[in-house]
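Note sheet for the following structure.
Just so you know, these numbers use all the heavy atoms, side chains as well, and skip hydrogens, waters and symmetry mates.
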Amino acid sequence: SHQELWGECISGALYWNDFLALAKSAGFHDPRLVTSAPIDVNEDKLRALVAPIEFFSATFRLFKLPEAAGAEEAEQGGLEGDRWEDYGLAAMYCGTVPGAENVFVLDSEHLFHAGKIVPVSGNTYNILKLRDLGVILGSMEGLRDTSGYLRDAESKCLLAARRADELRPVPVAEGFIS
């Protein structure tokens with residue numbers, strides 16, 4: 001109810017875990033932290049009111065994933081729990097997102113360097129399936145050939161780039177059309 005704390009967007013701030021619980025209860029079962037930074041309360045009289053509480057600004061990506069569970073459903077769209085499950089799934093980013101040609105940041109734990117095959121959990125696999133970001137998905141064994149390199153990498157990336165171009169918003173006078 002403190003006017004100045006409300007005006008500074010400090011009063012009314014959510015606890016981190018309360019935000020996560022709200023996101024999950026709204027159907028976003030695997031919230032992904034993208035960035036976070038501490039917020040300094042520089043004014044002495046305000047700092048005295050809120051001490052020793054620390055404040056952070058956080059950016060999350062939220063996705064609604066199917067609610068099935070288990071290894072078989074991971075590739076078909078199942079939802080994992082809070083643990084990272086290794087189903088042998090993998091992704092390779094082709095560098096097709098404008099402004100992120102070398103590295104695509106999904107969240108604070110998932111950076112996809114163009115051309116590199118990385119293992120992913122079932123939830124991450126399904127998140128990447130939701131949007132066509134020029135990411136090739138499959139199993140670790142299925143993506144690599146016997147020499148350890150991506151099978152048909154060039155042709156797969158060309159197809160991924162073409163799909164991403166087809167789905168990219170078209171600029172118009174008043175905004176974007178998807």
Discussion item. To check you understand the geometry: which heavy-atom pair defines the closest contact between Lys24 and Pro31, and what is its length?
Written reply: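 What the structure gives for the nearest pair is CE-CD, 3.8 Å.
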Worksheet item: Between Ala91 and Val120, which heavy-atom pair has the shortest distance, and what is it?
Response: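 Distance-wise, the nearest heavy atoms are CB-CG1, 4.1 Å.
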Worksheet item: Would you find more than 12 non-hydrogen atoms of other residues, nucleotides or ligands less than 6.0 Å from Glu43 atom CD?
Response: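 More than 12 heavy atoms, drawn from other residues, nucleotides or ligands, come within 6.0 Å of this atom.
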Worksheet item: With a 4.0 Å cut-off, would you call Lys45 and Glu4 a salt bridge?
Response: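 Salt bridge between Lys45 and Glu4, a charged N being under 4.0 Å from a carboxylate O: yes.
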Can you tell me how far the [atom1] atom of [X] sits from the [atom2] atom of [Y], to the nearest 0.5 Å?
| X | Y | atom1 | atom2 | answer |
| --- | --- | --- | --- | --- |
| Leu20 | Leu62 | CG | CG | 9.0 Å |
| Leu89 | Thr124 | CG | OG1 | 9.5 Å |
| Arg61 | Leu33 | CZ | CG | 11.0 Å |
| Leu5 | Leu46 | CG | CG | 5.5 Å |
| Ile39 | Phe56 | CD1 | CZ | 9.0 Å |
| Phe55 | Ile53 | CZ | CD1 | 5.0 Å |

Worksheet item: Okay, side chain of Asp107, backbone of Glu109: is any donor-acceptor separation there less than 3.5 Å?
Response: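 A pair under 3.5 Å: yes.
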Discussion item. For Leu14, is there any backbone N or O sitting under 3.5 Å from a side-chain donor or acceptor partner on Asp18?
Written reply: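 Here the side-chain-to-backbone pair does not exist.
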Side chain to side chain, [X] and [Y], heavy atoms closer than 4.5 Å:
| X | Y | answer |
| --- | --- | --- |
| Leu111 | Phe104 | no |
| His2 | Leu49 | yes |
| Pro38 | Glu54 | no |

Discussion item. I'd like to know whether the aromatic ring centres of Phe60 and Trp16 sit less than 6.0 Å apart in this structure.
Written reply: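 Between Trp16 and Phe60, which both carry aromatic rings, the centre distance is below 6.0 Å.
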Practice prompt. Go through the structure and list residues passing side chain to side chain contact (heavy atoms under 4.5 Å, CB included) with Ala100, not counting sequence neighbours.
Written response: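 With sequence neighbours excluded, Ala100 shows a side chain to side chain contact (heavy atoms under 4.5 Å, CB included) to Tyr93, Val97, given in chain and number order.
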Worksheet item: Are side-chain N/O atoms of Arg32 and Ser108 paired as donor and acceptor at under 3.5 Å?
Response: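 Per modelled atom types, Arg32 and Ser108 side chains form no pair under 3.5 Å.
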Worksheet item: Can you list the steps and then say if Val103 with Phe112 is a side chain to side chain contact (heavy atoms under 4.5 Å, CB included)?
Response: CA-CA 5 Å; Val103 179; Phe112 295 93; over 6 Å; no
